[in-house]
Amino acid sequence: MHTVEIAGLRKVYGKFHALKGIDLKLEPGLFGLLGPNGAGKTTLMQIVCTLLDFDAGQVLVHGLDLRKEGHLIRGLLGYLPQHFNLPTQFTGKEFLHYAASMKGLSDRRERQQQVERVLQEVNLQDEANKRVKGYSGGMKRRLGIAQALLGDPKLIIVDEPTAGLDPAERIRFRNLIARLSAERTILLSTHIVSDIEASCDQAAVLLRGELKFQGSLQELAAKAEGLVYEAIVP
Ligand code: ATP
């Protein structure tokens, strides 16, 4: 069974066709979703996260049909949106406790264990009691990943997480994603191929709502689809 199986997925905003019949299969590991601005990456991710309705097709997550069992799927995945507003007056730890409560982790002891675990996973233990407003961009992004890891979901969806990070933070973030993807399925969108080069198991290229390619990055490079490649490398 695939972690995510998408067939004939269509999404229309008014008269604008944002997804024009997408077929996609995700297996454990890192899956890189590539494509320029407006390609439909966020739309696709929000649909899989059960945040956005769709017009046609089928989406299965861990074998569950999103149309019928969306309420079950919600608890089985973690999501870091592209524009993630953190409450800057909270400390990292306070925010994670809040996020854990929102995810339904009501048992105090279990919540504490989860928060300690995710802080360790993203290497933020030493900053956990500092206010988020003092965090660097990279630390905020790692805190965002930490909240997605609460509850230990086996599917993590991350929308353009490296935008605006400096080179050192970007490398650190790539290493984190590589580590996390060893035990999970991570669907990550980016414009920057080097963000996923080292650890990407599968990639797809989305252009104007159509899937132009799905396979390994090596296959993508070998295909030498100049136009496609140019569209994703800034
Ligand atoms: P980016 O890299 O800029 O985030 P993207 O690949 O994530 O782009 P989407 O945000 O999914 O692309 O947008 C796909 C297309 O759908 C774009 O042309 C966008 O303008 C359009 N779109 C997105 N949301 C809406 C909406 N709520 N109403 C109308 N059009 C929308």
Side-chain angles (χ1 to χ4, degrees), residues 3-26 30-61 66-67 70 73-74 77-86 137-138 140-142 144-145 147-148 155-167 169-170 173-174 177 181 185-197 200 202-215 217 220 223 225-234:
T3 317
V4 178
E5 228 173 316
I6 297 173
L9 181 63
R10 291 180 178 276
K11 173 69 186 173
V12 186
Y13 294 114
K15 287 182 180 169
F16 180 78
H17 291 253
L19 296 177
K20 303 173 185 168
I22 303 292
D23 300 312
L24 205 58
K25 287 180 179 167
L26 268 67
L30 176 58
F31 190 105
L33 184 60
L34 303 163
N37 288 334
K41 305 183 296 298
T42 300
T43 299
L44 189 146
M45 289 177 144
Q46 288 186 342
I47 290 172
V48 177
C49 287
T50 75
L51 297 173
L52 190 64
D53 202 7
F54 53 100
D55 295 287
Q58 188 182 48
V59 181
L60 303 180
V61 180
L66 201 142
R67 279 259 188 247
I73 291 172
R74 222 159 290 149
L77 57 83
Y79 177 45
L80 177 57
Q82 189 175 359
H83 304 288
F84 189 55
N85 288 323
L86 286 160
K140 284 183 186 155
R141 229 51 71 86
R142 280 186 280 137
I145 290 287
Q147 66 75 33
L155 171 63
I156 307 283
I157 297 182
V158 196
D159 198 354
E160 289 190 38
T162 56
L165 295 187
D166 72 28
E169 286 176 330
R170 184 163 281 182
F173 196 86
R174 280 177 203 165
I177 293 294
S181 66
T185 304
I186 299 193
L187 171 61
L188 183 148
S189 73
T190 182
H191 297 246
I192 301 157
V193 178
S194 53
D195 273 351
I196 51 172
E197 230 158 23
C200 182
Q202 286 276 297
V205 176
L206 201 57
L207 276 181
R208 290 181 287 278
E210 288 179 51
L211 206 67
K212 295 291 182 187
F213 170 86
Q214 181 176 359
L217 275 185
L220 176 61
K223 272 196 144 197
E225 286 185 3
L227 271 176
V228 172
Y229 216 62
E230 263 173 46
I232 55 182
V233 182

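Quick note: numbers below take in every heavy atom, side chains included, and nothing from hydrogens, waters or symmetry partners. Numbering of ligands and ligand atoms starts at 1, following listing order. The structure presented is a predicted model; accordingly, all values stated were derived computationally and were not measured.
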Close residues (non-hydrogen atom under 4.0 angstrom from ligand 1) work out to Tyr13, Phe16, Ala18, Pro36, Asn37, Gly38, Ala39, Gly40, Lys41, Thr42, Thr43, Gln82, Glu160, His191
Lys/Arg-Asp/Glu bridge criterion (N-O < 4.0 Å) met for Arg174, Glu197: no
Hits for side chain to side chain donor-acceptor pair (under 3.5 Å) against Ser181, two or more places apart or cross-chain, chain-then-number order -> none
Quick one: side chain to side chain donor-acceptor pair (under 3.5 Å) partners of Arg67, sequence neighbours excluded? Asp53
Quick one: side chain to side chain donor-acceptor pair (under 3.5 Å) partners of Asp23, sequence neighbours excluded? none
Do other residues, nucleotides or ligands put more than 12 heavy atoms under 6.0 Å from the NZ atom of Lys20? yes
With heavy-atom distances below 4.5 Å as the criterion, would you say the side chains of Leu9 and Leu24 are in contact? no
